[in-house]
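Let me begin by presenting the structure, written as structure tokens, before commenting on it.
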Amino acid sequence: GENVEQHPSTLSVQEGDSAVIKCTYSDSASNYFPWYKQELGKRPQLIIDIRSNVGEKKDQRIAVTLNKTAKHFSLHITETQPEDSAVYFCAAILTSGTYKYIFGTGTRLKVLA
Amino acid sequence: EPEVTQTPSHQVTQMGQEVILRCVPISNHLYFYWYRQILGQKVEFLVSFYNNEISEKSEIFDDQFSVERPDGSNFTLKIRSTKLEDSAMYFCASSEFQETQYFGPGTRLLVL
């Protein structure tokens, strides 16, 4: 069945450094890839997304890259700040045939001041 | 900015009891979803709902579960005869199209 693997499970970086989180998906027909940030006890919040017809997307300090051939996509956070500390989930969806997100297992990012 | 809302925020119930979790999706959205997240684990899809019927459901979503849109604004998840392993955070989500889903704040269910 569909699967999304996410690495690393935990990541600690110094404030100001960059953080990279990687996901690999199994269904080559997946065509939409959102990233969610979840702070403790709160709802997952969409922070960026990318569609399969695009290789890279950037929004201020956050960027996502997609390699369709390798079936993996990555979240890049530059100039990290303590408020970036949270759990980040990637997801994949095949928008033409299904409605469900397949989520990765999450990455707990800790930005050290 | 409109948001998905959920009630209650916390629910404690005895094993074997029935619970109803409520959600108000974003008003112009057409697709509705329930997900659950067991503590410390990833978010798992339960069911999606479109045009007043279930579109897709996971193998978790067995006869113990049901969903309903009783009026033009609410979307509910009913869990019959709750079990200890049903303890989790339950998230409702909605989307305008089959893409970006917006999540509610969740209901933390504890089954004793």
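Residue numbers start from 1 in every chain, and the chains themselves are labelled A, B, ... in the order their sequence lines are given, proteins ahead of strands.
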With sequence neighbours excluded, tell me which residues meet side chain to side chain donor-acceptor pair (under 3.5 Å) with B/S55.
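None.
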For the side chain of B/R69 and the backbone of B/Y50, is there at least one donor-acceptor N/O pair under 3.5 Å apart?
no
Return yes if some donor-acceptor pair links the side-chain N/O of A/E5 with the main-chain N/O of A/C23 below 3.5 Å, else return no.
no
Measure distances from [X] to the heavy atoms of chain A and classify the residue's part below 4.5 Å as side chain, backbone, both or neither.
X: B/Q41; value: backbone
X: B/Y35; value: side chain
X: B/Q37; value: side chain
X: B/T100; value: both

Name the residue from B/K83, B/E85, B/M15 that meets the side-chain contact (heavy atoms from CB on, under 4.5 Å) definition with B/V111.
B/M15
After noting the C-alpha distance and the side-chain angles of B/W34 and B/S48, does the key distance pass the side-chain contact (heavy atoms from CB on, under 4.5 Å) rule?
CA-CA 7 Å; B/W34 283 102; B/S48 60; over 6 Å; no
With a sphere of 6.0 Å drawn around NZ of B/K42, does it hold more than 12 non-hydrogen atoms of other residues, nucleotides or ligands?
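More than 12 heavy atoms, drawn from other residues, nucleotides or ligands, come within 6.0 Å of this atom.
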Bottom line for A/F89: the part with an atom under 4.5 Å from chain B's heavy atoms is side chain
Report which part of A/Q38 has an atom under 4.5 Å of a heavy atom belonging to chain B: side chain, backbone, both, or neither.
side chain
Can you tell whether the side chains of B/E18 and B/R80 come within less than 4.0 Å, N to carboxylate O?
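Between B/R80 and B/E18 there is no salt bridge, as every charged N stays at least 4.0 Å from the carboxylate O atoms.
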Looking only at heavy atoms, which of [range] get nearer than 4.5 Å to chain B?
range: residues 44-67 of chain A; answer: A/P44, A/L46, A/D49, A/R51
range: residues 68-87 of chain A; answer: none
range: residues 102-113 of chain A; answer: A/F103, A/G104, A/T105

